[in-house]
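Below is one structure, written out as structure tokens; the observations come after it.
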Number of protein chains: 2
Amino acid sequence: MLFIELDLQSETPIYTQLVDQIVEGIASGVLQPGDPLPSIRSLAEDLGINLHTVNKAYNLLKQEGLLQVHRKKGVIVQPDGMPGVTEAFEEKLRRQLRSLAAAAAVRGMAEEVFAQESRAVYRAMITNRGGE
Amino acid sequence: MLFIELDLQSETPIYTQLVDQIVEGIASGVLQPGDPLPSIRSLAEDLGINLHTVNKAYNLLKQEGLLQVHRKKGVIVQPDGMPGVTEAFEEKLRRQLRSLAAAAAVRGMAEEVFAQESRAVYRAMITNRGGE
DNA sequence: TTGTTTGTTATATTACATGTATAACACAAA
DNA sequence: TTTGTGTTATACATGTAATATAACAAACAA
């Protein structure tokens, strides 16, 4: 570690930034199933933030099934298969996409451009997978 | 009015729900440029919420250039041309798309499905435009 | 054993966001 | 004048975000 960069001036909470960047790390392949993550305390110290802020982020990811917490191995990326696309996730995804699509449409961004933008962002995220 | 439906149990703030639904109203064509919106007080009363909560939503939309506030006409949908796709908006859009794309990719949603989902949400939003 | 590190839990505090409750102001319209 | 508009100010209650300590049991290393 650490590919994590925090913006303490940002309006998005620190624990949310942590969650996002870890998820992106898994999606991009930088973090592979079974890979260890820093301990709560060491990550908090490295980032200069509080223990509980890291703990909150880890717990959210654990509840989503993206992380496992072993008493032995510490915190690792889910090795037993990632959660699938549940109906609840689909709903949440669509609700957030609707908000973005509306903002884009109002500003005159065409359907093709919006769809292409989505595709490009996805592609840029998972390119160079396996590159560790 | 009113196509606005609030979920007071939701974790998303009331003023954010207001902003989203008004933007979606403009994007879908239900709200046309120049159309009047309810006064702050009347909308607050209709929705059973406080005056300042509506005011906050209206002000955010005013700052984004989606609403105008006339001392005479009251609050109306921007009649002098909507704001375009600025660089700042592009950045914000991409940042939020990245978060969604990562969550989708981690759960095994393929690039094509994600892009198609984005397109479908956009299309469903602006269909039956002009239908008032 | 002892010491250390792990995740976990509890408590307390500060700061900020959210939402409400009143009140008052200046401006425009009936 | 009376009413309704957006605007502004103040105050309050509640919840979230983040920090600061502290303690605990489980696992590991010396």
Nearest-Å distance for atom pair CG/P, residues B/Leu43 and C/dG19: 14 Å

Nearest-0.5 Å distance that lies between atom CG in A/Leu47 and atom OG1 in A/Thr53: 10.0 Å

Base C/dG7 to side chain A/Arg41, donor-acceptor N/O within 3.5 Å cut-off: yes

Spacing of A/Gln78 atom CD and A/Ile76 atom CD1 [to the nearest 0.5 Å]: 7.5 Å

Rounded distance (Å) that lies between atom P of C/dT13 and atom CG of A/Asn50: 16 Å

Salt-bridge present (A/Glu90, A/Arg94; N to O < 4.0 Å): yes

Nucleotide C/dT8, atom P - distance to CD of A/Gln68 in whole Å: 12 Å

Sugar-phosphate only, base, or nothing, as touched by A/Lys62 at under 4.0 Å among non-hydrogen atoms: sugar-phosphate

Closest to side chain of B/Pro13, choosing from C/dT18, D/dT7, D/dT19: C/dT18

Atom pair distance, as rounded to whole Å: CD1 in A/Ile14 and C1' in C/dA17: 16 Å

Whole-Å distance separating the CG atom of B/Leu8 from the P atom of C/dT18: 16 Å

Under 4.0 angstrom between B/Tyr15 side-chain N/O and C/dT18 OP1 or OP2: yes

Aromatic B/Phe114 / basic A/Arg119 pairing, under 6.0 angstrom, 45° off normal: no

Rounded distance (Å) that lies between atom C1' of D/dA17 and atom CG of A/Asn55: 14 Å

Side-chain donor/acceptor contact of A/His52 with base of C/dA10 under 3.5 Å: yes

Nearest-nucleotide 5' precedence on DNA chain D, B/Gly74 against A/Thr12: B/Gly74

Residue met sooner reading DNA chain D from 5', once A/Gly48 and A/Leu51 are mapped to nucleotides: A/Gly48

Separation of atom NE2 in B/His70 from atom P in D/dT7, rounded to whole Å: 12 Å

Distance test, side-chain N/O of B/Thr53 to OP1/OP2 of C/dT20, below 4.0 Å: yes

Side chain proximity check, B/Ser118 to A/Tyr122, heavy atoms < 4.5 angstrom: no

Residue B/Ser39, side-chain atoms from C-beta onward, closest of D/dA18, D/dT7, D/dT5: D/dT5

Below 4.0 Å: OP1/OP2 of C/dG19 and any side-chain N or O of B/Lys56: no

Atom pair distance, as rounded to whole Å: CG in A/Leu18 and P in D/dT19: 10 Å

